[in-house]
Number of protein chains: 2
Amino acid sequence: MDFEQADALNQAIRLLSLRHRARAATLLAPLGLHPGQEALLLELARTGPAIQSQLSEALGCEPPSVTLMTRKLEAGGYIRREPAPSDRRASIVELTDSGKALADQVKRLWCALAEETVAGLPAETVAELPGILRTLTGNVDSRRSRRPPEDDAV
Amino acid sequence: MDFEQADALNQAIRLLSLRHRARAATLLAPLGLHPGQEALLLELARTGPAIQSQLSEALGCEPPSVTLMTRKLEAGGYIRREPAPSDRRASIVELTDSGKALADQVKRLWCALAEETVAGLPAETVAELPGILRTLTGNVDSRRSRRPPEDDAV
DNA sequence: GCATAATAGTTATGCGCATAACTAATCTGT
DNA sequence: ACAGATTAGTTATGCGCATAACTATTATGC
């Protein structure tokens, strides 16, 4: 691959990151959320209570990031942290009622953002997109377990 | 679009951002660069000397970000800033010889990263990808000038 | 010609994310 | 049963990026 193509790709990924995140920030701001926090709320809404290391794994970010995110969401009253009975090192994190309500609002925003994002693309491309993006992600994922491709493309 | 699909897409974009950036960080670290700085070097290598506001525009980030990036790259000896003769508000930024050499190294890394990123995808998809990503970016770009789509897809 | 607007850049501050270094608890091997 | 490794989490620190508020310069309208 020559530099022109490589740069077109890398730059496109970088810019998409910046813009998608910025757009998410704009949409989430009225809810009092910063981008990244919504992922934690959605994960809890999806799977129920979890300990922080599970969240770290699910969100794809490091434990210190989870520490800070949970602290801020807890301060906002959206989540609750209580010690795990079976492991005194761990904290169980769960949504409060307020957090559940907020997660529902986030879900609606999330649909709007996704629709806005793929506007103008053929439905076929839209359907393939998550799988393609996950393939790209897996290709550069330096933390992935060594189990091979796993073919989770759509 | 239902939430499942929307979340699959939004999450995929978020994770790709994290991973691609992390991978770039790993590759750039031996050169003493942090991700984001390479974009500035490549832009200068591409277009020659520029003032900061042009860089801000080209990189898609805000002027304060350019201020900090240029300061650090200048401290590293990779770029030089001198006052613009025709406008005493502006600074002209250009690569030093050291910066040009570094930019060449970055170009090689950039090719390797791009190839790694698209590994396993059909060539056809790879060819379409930059255009698709730019469409997505344009769709959520809140700073774009109001000139319509512009159809720069490949 | 001069007040006002627009533009180039900086500083201050805050967030998400990372790594490094640390504590506390649990698990493992002998 | 106990030393050492592993795991859960935190604190400290640094970077990129953002917005807000500011200075200095240049352009504009009357």
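In what follows, chains are A, B, ... by sequence order, proteins preceding strands, each numbered from 1.
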Rounded to whole Å, please give me the gap between CZ in A:Arg14 and C1' in D:dC15.
14 Å
Whole Å only: how far is the CG atom of A:Leu40 from the C1' atom of C:dG16?
12 Å
Could you tell me how far apart A:Glu57 (CD) and D:dT7 (P) are, to the nearest whole angstrom?
12 Å
Please name the pair of heavy atoms, one in B:Ala24 and one in B:Leu113, separated by the smallest distance, quoted to 0.1 Å.
CB-CD2, 4.1 Å
Report which part of the nucleic acid A:Thr67 touches: base, sugar-phosphate, or nothing (heavy-atom distance under 4.0 Å, all strands).
base
For B:Pro64, answer base if it contacts any base atom (sugar-phosphate contacts may also be present), sugar-phosphate if it contacts only those atoms, and nothing otherwise; contact means non-hydrogen atoms under 4.0 Å.
base
Between atom CD1 in B:Ile92 and atom P in C:dA8, what is the gap in whole Å?
13 Å
Length of the CG-C1' vector between A:Leu18 and D:dA18, whole Å:
10 Å
Nearest heavy-atom approach of A:Ser98 to A:Tyr78 is OG-CD2, 3.3 Å
Please name the pair of heavy atoms, one in B:Lys107 and one in B:Ala45, separated by the smallest distance, quoted to 0.1 Å.
CE-CB, 4.5 Å
Among C:dC15, C:dA8, C:dT10, the one nearest B:Pro63 by side-chain distance:
C:dT10
Please classify the nucleic acid contact of B:Glu62 as base, sugar-phosphate, or nothing, using heavy-atom distances under 4.0 Å.
base
Output yes when at least one side-chain N/O atom of B:Ser53 is less than 4.0 Å from OP1 or OP2 of C:dG9, else no.
yes
To the closest 0.5 Å, what do you measure between OG1 (B:Thr117) and NE2 (B:His20)?
4.0 Å
Near B:Glu4 CD, under 6.0 Å, is it more than 12 heavy atoms from other residues, nucleotides or ligands?
no
Rounded off to whole Å, could you give me the CZ-to-P distance for the B:Arg71 and C:dG9 pair?
13 Å
Does a nitrogen or oxygen in the side chain of A:Arg81 sit under 4.0 Å from OP1 or OP2 of D:dT10?
yes
Test: B:Glu43 and B:Arg46 ion pair at under 4.0 Å:
yes
Students often get this wrong, so: under 4.0 angstrom with heavy atoms, is B:Ser56 touching a base, only sugar-phosphate, or nothing?
nothing
What pairs of nitrogen or oxygen atoms, one from the protein and one from nucleotides 23-29 of chain C, lie under 3.5 Å apart?
{"residue": "C:dT26", "atom": "OP1", "partner": "A:Arg88", "partner atom": "N", "Å": "2.9"}

Where the side chain of B:Ala90 is concerned, which of C:dA8, D:dT10, D:dC17 is the nearest nucleotide?
C:dA8
Of A:Gly36 and B:Gln54, the one whose closest nucleotide on DNA chain C sits nearer the 5' end is B:Gln54
Can you tell me if the side-chain N/O atoms of B:Gln37 get under 4.0 Å from OP1 or OP2 in D:dC15?
no
For the side chain of A:Cys61, counting heavy atoms from C-beta on, which of D:dC17, C:dT10, C:dA18 is nearest?
C:dA18
Using only heavy-atom distances, determine whether the side chains of B:Ser17 and A:Arg21 contain a donor-acceptor pair under 3.5 Å.
no
Nucleotide of D:dG9, D:dG16, C:dC17 approaching B:Lys72 most closely (side-chain heavy atoms):
D:dG16
Least distance between heavy atoms, B:Leu95 atom then B:Ala103 atom
CD1-CB, 4.4 Å
B:Leu55 CG to D:dC17 P, straight-line distance once rounded to whole Å:
13 Å
Rounded to whole Å, the CD-C1' distance (A:Glu38 to C:dC17) equals 14 Å
